[in-house]
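To keep things clear, I will list the structure first and then write my remarks on it.
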Amino acid sequence: MTRRLTLAAAQLGPIQKAEGREVAVGRMVRLMETAHRRGAEVVVFPELALTTFFPRWYEEELAAADHWYEAALPSPATAPLFAAARRYGIGFHLGYAEKTPDGRRFNTAAYVHPSGEVVLKYRKVHLPGHQEFDPQRRVQHLEKRYFAVGDLGFPVVRAPVGGTEANIGMLICNDRRWPEAWRVLGLQQVELVMLGYNTPSLNMENRGFEAHHLRVFHSHLSVQAGCYQNACFAAAVAKAGTEDGHELFSHSIIVNPQGEIMAQATSWADELILADCDLGMCELGRRTIFDFARHRRPEAYGRITGQAGSTAPPRQG
């Protein structure tokens, strides 16, 4: 039986530091309404979709940044999203900053069923940037200051999605660049990866120059390779545009298990792109080139889990 899913990637334009959550949520509700009119069954919103990308702002005391975090979902600010999902029968993925009851802070994403149930939660593992103020940077990138490394692993669940079920998993932004993350999802037969990002157009850790087109190319390359090598679909969704003078690139995409881009955003603003996904396409790779049970050789991969930093081989002679 064909298992089809109409998937929407809901790119957001910039959210300014002075704007409240109600502004962002109002825009997301309008995108969800558009998704409903166009027949979408699930909508993927970006990383940190409720606020500006606040890790670019340094706070000496972490408590001064608490207003950027959500203590629970739904919250009074996000309740309209949950109501819209129930009204339209659409599931949605939401990236947000989470502060737990015991005071831990995470860069988090959740998949919400149209009923309002949080079906899956993921906390970002690969945190880029730095922890302390860096005077050499024109723009700070303080994710290591404001978030702990995710403690949920890379979970996959089989959940109702539209009129079918799918094995769904999530990554957040920098995670997409790490093939290990995709492979852990692939080993759980993931069929749909939901992925939000807020990626600066300039690499602030590169003291020289990195061309903008290469920033976009590397983003697409990572997602396309992850989908192909793990036989899955993905929606990689940006928050884009200029936030308080700092540019984030757009180019949101939906990718199929052959690594092909099915849909791509063309603006730097709020934009909805859709693709009709046949989840049966995941079976080809899983049964042939990427039949893990037949072809993987984990006994040869010890360095992957036994070593963090790279080391050069010893000199010969």
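Only heavy atoms go into these numbers, but all of them, side chains included; no hydrogens, no water, no symmetry mates.
Side-chain N or O atoms of S219 include none that pairs as donor or acceptor with a backbone N or O of R215 at under 3.5 Å.
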Kindly indicate, with the supporting measurements, whether the criterion side-chain contact (heavy atoms from CB on, under 4.5 Å) is fulfilled by D175 and E47.
CA-CA 12 Å; D175 288 324; E47 174 191 26; over 6 Å; no

Test log, rule salt bridge (charged side-chain N to carboxylate O under 4.0 Å, His left out), inputs R104 and D151:
CA-CA 11 Å; R104 294 177 299 154; D151 60 352; 2.7 Å; yes

Show your reasoning for whether side-chain contact (heavy atoms from CB on, under 4.5 Å) applies to R145 and Q140.
CA-CA 11 Å; R145 182 175 190 82; Q140 303 299 303; over 6 Å; no

Would you check, one step at a time, whether the test salt bridge (charged side-chain N to carboxylate O under 4.0 Å, His left out) holds for R3 with E165?
CA-CA 8 Å; R3 296 165 55 230; E165 287 187 333; over 6 Å; no

Could you walk me through whether F106 and Y69 pass the ring-ring contact (aromatic ring centres under 6.0 Å, His included) test, one step at a time?
CA-CA 9 Å; F106 296 101; Y69 296 81; 9.8 Å; no

Working for side-chain contact (heavy atoms from CB on, under 4.5 Å), residues T311 and R303:
CA-CA 11 Å; T311 57; R303 285 185 183 272; 4.1 Å; yes

Under the criterion side-chain contact (heavy atoms from CB on, under 4.5 Å), I'd like the reasoning laid out for H213 against V216: C-alpha separation, chi angles, the key distance, then a yes or no.
CA-CA 5 Å; H213 77 279; V216 176; 5.8 Å; no

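The line from CZ of R56 to NZ of K17 is 9.5 Å long, rounded to the nearest 0.5 Å. Taking CD1 of I172 as the reference point, atom CD of E143 lies at 9.0 Å (rounded to 0.5 Å). The distance from atom OG1 of T51 to atom CD of E243, rounded to the nearest 0.5 Å, is 8.0 Å. L187 contributes atom CG, which lies 12.0 Å from atom CZ of F290 (distance to the nearest 0.5 angstrom). L272 CG to S267 OG: the interatomic distance, rounded to the nearest 0.5 Å, is 10.5 Å. The line from CZ of R176 to SG of C227 is 12.5 Å long, rounded to the nearest 0.5 Å.
Between V223 and the choices V255, I254, V193, the side chain to side chain contact (heavy atoms under 4.5 Å, CB included) rule is met once, by V255. Shown are Q188, R183, Q189; of these, the side-chain hydrogen bond (donor to acceptor under 3.5 Å, both in side chains) with N230 is made only by R183. Of the candidates I168, V190, L279, L5, F233 forms a side chain to side chain contact (heavy atoms under 4.5 Å, CB included) with just one, namely L279. For the side chain to side chain contact (heavy atoms under 4.5 Å, CB included) test with L94, the passing option among L81, V112, V44 is L81; the others fail.
More than 12 heavy atoms of other shown residues, nucleotides or ligands fall within 6.0 angstrom of atom CD in E132. The environment of Q316 atom CD is sparse: at most 12 non-hydrogen atoms of other residues, nucleotides or ligands sit within 6.0 angstrom.
Taking the charged nitrogens against the carboxylate oxygens, E70 and R21 do have a contact shorter than 4.0 Å, which makes a salt bridge.
Legend: salt bridge (charged side-chain N to carboxylate O under 4.0 Å, His left out) pairs involving residues 222-237, not counting sequence neighbours: none detected.
Between H212 and H251, the two ring planes are tilted [angle within 30° to 60°].
L120 and F45 are assigned to two separate hydrophobic clusters, defined by single-linkage of ILVMFWY side chains at heavy-atom distances under 4.5 Å. Residues V23 and V29 do not share a hydrophobic cluster, clusters being chains of Ile/Leu/Val/Met/Phe/Trp/Tyr side chains in contact below 4.5 Å. Transitive grouping of hydrophobic side chains (ILVMFWY, heavy atoms separated by less than 4.5 Å) brings L274 and M32 into a common cluster. A single hydrophobic cluster is seen to contain both V43 and L73, as judged by linkage of ILVMFWY side chains at heavy-atom distances under 4.5 Å, directly or through other members.
Checking H130 against R137 by side-chain atom types alone, a donor-acceptor pair falls below 3.5 Å.
Ring centroids of Y111 and Y122 are separated by 6.0 Å or more, keeping the two rings apart. Between F53 and Y146, the gap from one ring centroid to the other reaches at least 6.0 Å.
Among residues two or more places apart in sequence or in another chain, the ring-ring contact (aromatic ring centres under 6.0 Å, His included) test is passed with Y301 by none. Among residues two or more places apart in sequence or in another chain, the ring-ring contact (aromatic ring centres under 6.0 Å, His included) test is passed with Y96 by none.
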